[in-house]
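This report concerns only the one structure given below.
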Amino acid sequence: MSEPDKATELDHHILLLGSLAHRLNMISTEQFNKAIEIFTARQAQQPDLRFGQVLIDLKMISLTQIRTLIQHQKLVHNRKLDIRFGKLAVANHFTDAETVEAALKYQTSCFRERQEIILIGDILTNSGVLTPQQRDTLLKAQGRLAADGAIKKVGGPLESDAIEVPEPIASYIIGVSNDRFNATFRLKSHDITSETLPDLAALLKEYGIIYGVISQSEFIELINHRGEEEFEWVVAQGRPPEPGQDANITYHFNTDPLEIGRVLEDGIIDFRERGEIPILPEETLLAELNPPIEGKSGIDVYGNTVPPPPPKNIKIRVGEGVKLSEDGCKAYAAQSGTPTIMLSGALHMLNIWAINGNVDYKSGNIHYNGEIRVTGSVYDGFKVQGKRLIASEIGKATIDIEDDVVVLGGIIGAKMRIGGNLKANYIHNADIEVAGEVIIMKEVMGSTIHSVGSIYARNCTIFSSTLTSCNHIESKNVGNDARTSPATLGIGTCQYINKRIHQIQGELAPLTFDSELIQEELELLQQQMIDNLSKQEKDLHAKELFEEQLRRLTTQMTNAPSQQRVQIKSQLHVTKQKLKAVAKLLGSLEAEQKKITQERETLKGKLEQLQQQAAPFNHKLRQLEEQKLELFSQEANLYIFGALYPLNQLELRHSRMRTQNSLKSVKIFEEQQQNELGNPTWFIKQEPLGKHNRPRKHKETKS
């Protein structure tokens, strides 16, 4: 029986329980199919038979695992309703999508850690996001709230509603881990001795556990020498599969895009020691793909073979000036230039425009599809646009660079949009957006910096500035003791991505508006076509009646006496006039229908063109939203290596605070705990910076 056939004949919740067991690697595909066959055969004689009981009878899973499955089944059942609950909460402006996403993740973590199912409405209410009235309003809208205020069960019966899962009556419990690689023996009574112990191998075999079982003598030794607090032991161990090795790429050049200058022991860059920026000739081997290596299968405590996870494969991504070998395993320079890995991961060979001097009235604005090297400064009022930029200093200029920017000196007053990483000695009065990481060596003053990656300013002081990062921020000092130059630090927030989303939505809005107008016009034309068809149908019917009348009158004219022919001739004339009028109307309707069809085809062409124009914007929006969700799931901390002075504003993902006292050498982070009322909520915590919690030092790759 195929899977679709099974789906039509078996109860949905039976399939759900079985598919959960299969997905959690408790049973194999073969076991799943065998259990379905036996269940189907036995159900005719036992109408109340539950699928979970069949799995237990066949010793495919243990009682512990069936309890886990039932909890999973309940979670899946409630999860769909809770996702809809979250969408309703956002649609009613009770909260936002990010908060709902965080609540769903917390719900998942509670289940994973404690097998506890907490409804999203209770999570949002307990954390103060929703009021109880708002929660109940949404539950009523879903039909989930009974008249007495209790949560109603929605949908059909679960597998767990009828299956009996008896508690073990023995003085011990056999448990199997979810991954099926460990079986445990847990005592319920401390009076058991080696004389009253069962034969372990025989006992475990009843549960289907046959692999990796310890000997009876080892079992007795564990029990006889247990401590006062000991009550559970691992008595069988499977052999987990050995993972293989993912594919990886070996690059044959220095891949650090920011290594300009030698890093001294204290972390400060000596800009006089700039090292060599590689300029490679055509046909140079740039990168090689190392294929994935398969892992080795394992075996669980039930004796089932467990295949290793398949290793991930990747491809060498290439851009301008780079070519791939026929097998796609090697990348070569198709032109001379500087090899660069863009933030997207694509390998480019950049042409170089070297400006020996400044970007000023002599050079004019710079627009170059390659790497731009300026030995001097970019002066106020000028624009630089290109792939990559290296300059000594940047003034109040407009900078738009697709990849990395390295400034050997400082940035003063510039407006910059950077698609890669940024490194600078100091930044004053600048407005900067960075899609990658930011490294600042000395000072940030009066500036706004929004970064997707981490901001590394370990030897830097931040004054009167706003810095946000989707990841970590590291700094030496923030603000000053005089409380005159406080800063705002956003840690783990996504202002850069939010701003880019807003910008793209603004660019997309005219296309969306025009598309909606065309859709409305198409709907009107469609209605006109329907109306015309209705009129045509009526006129065709009238035409058929007139034609029939004309035939009848013509026959009567032939056989009628002479005194009646005058009257019939008059009727024939009237009928012909009516037939002619109907034919004219039909011709007009056909012409109009043809015109509407042409208009529809023209509008469909315009709509398709607009959709093609909107596709890159929608694709980018999806990428940004996915990136935002991924970043939101990662840890984000603030590391202060010097002092965090009073009045600085700290904004983390779920909470914010203004510092009241000076904090020195400290790590600041968020943690979810229970508040005074026992409800889960987010708190900003701090701990002294020590060896155990210091971030890994950001180092440039050596040539």
Side-chain angles (χ1 to χ4, degrees), residues 22-30 108-109 112 176-182 211-212 234 236-259 278 280 283-319 322-334 339-349 403-404 420-421 436-437 452-454 470-472 623 626-627 629-635 695-703:
H22 182 263
R23 193 177 66 195
L24 295 172
N25 292 323
M26 292 182 180
I27 60 175
S28 64
T29 302
E30 293 76 14
T108 302
S109 67
R112 186 183 296 117
V176 178
S177 61
N178 286 337
D179 61 10
R180 301 185 301 169
F181 290 119
N182 286 293
Y211 182 84
V234 175
Q237 285 185 301
R239 187 182 73 245
E242 296 180 18
Q245 182 176 315
D246 294 340
N248 60 84
I249 299 173
T250 299
Y251 293 98
H252 296 285
F253 61 92
N254 180 13
T255 59
D256 188 349
L258 299 182
E259 187 181 354
L280 302 179
E283 299 298 333
T284 299
L285 176 62
L286 302 176
E288 289 183 271
L289 177 66
N290 303 309
I293 300 173
E294 295 292 334
K296 295 181 180 179
S297 296
I299 186 168
D300 63 23
V301 293
Y302 297 107
N304 299 314
T305 300
V306 181
K312 295 179 181 179
N313 202 356
I314 58 174
K315 294 180 180 179
I316 301 178
R317 300 177 59 190
V318 300
V322 181
K323 61 183 179 181
L324 281 175
S325 59
E326 289 186 4
D327 59 5
C329 294
K330 293 183 179 181
Y332 295 90
T340 300
I341 303 172
M342 307 293 276
L343 201 64
S344 65
L347 179 57
H348 289 241
M349 283 292 286
D403 195 45
D404 304 303
N421 307 296
E437 297 178 344
V452 174
S454 297
C470 297
N471 290 309
H472 306 304
Q623 283 184 322
E626 290 171 1
Q627 184 183 16
L629 284 175
E630 182 181 355
L631 290 166
F632 198 74
S633 66
Q634 296 175 2
E635 182 182 353
R696 186 172 58 87
K697 190 172 180 180
H698 182 79
K699 294 182 178 181
E700 286 81 19
T701 305
K702 299 300 178 185
S703 298

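- By the 4.5 Å heavy-atom criterion applied to side chains, Glu283 and Lys323 are counted as neighbours.
- A heavy-atom distance below 4.5 Å is not found between the side chains of Val234 and Phe181.
- One finds the CZ atom of Arg180 at 10.5 Å from the CD1 atom of Ile299 (value rounded to the nearest 0.5 Å).
- Side chain of Thr284 to backbone of Ala333: no donor-acceptor contact under 3.5 angstrom is found.
- Asn471 approaches Gly453 most closely through the heavy-atom pair ND2-CA, 3.8 Å.
- Of all the heavy atoms in Cys470 and Val452, the pair that sits closest is CB-O, 3.1 Å.
- Using a 4.5 Å cut-off on side-chain heavy atoms (C-beta onward), Gln245 and Asn290 make no contact.
- The closest side-chain heavy-atom distance from Ile314 to Asp246 is not below 4.5 Å.
- No side-chain heavy atom of His252 sits less than 4.5 Å from a side-chain heavy atom of Leu286.
- Taking CG from Asn248 and CG from Leu289, the interatomic distance works out to 7.5 Å, rounded to the nearest 0.5 Å.
- For Asn421 against Glu437, the heavy-atom pair with the smallest separation is OD1-N, 2.7 Å.
- Nearest heavy-atom pair across Gly328 and Ile316 is O-CD1, 4.1 Å.
- We find the CD1-CZ distance between Ile341 and Phe253 to be 4.5 Å, quoted to the nearest 0.5 Å.
- Across Gln237 and Asn182, no two heavy atoms sit closer than the pair CG-OD1, 3.3 Å.
- When every heavy atom of Asp327 is checked against every heavy atom of Ser325, the shortest pair comes out as OD1-OG, 2.5 Å.
- The closest side-chain heavy-atom distance from Pro311 to Glu294 is below 4.5 Å.
- The 12-atom threshold is not exceeded at NZ of Lys330, counting heavy atoms of other residues, nucleotides or ligands nearer than 6.0 Å.
- Here the CE-CG distance, from Met342 to Asp403, works out to 4.0 Å after rounding to the nearest 0.5 Å.
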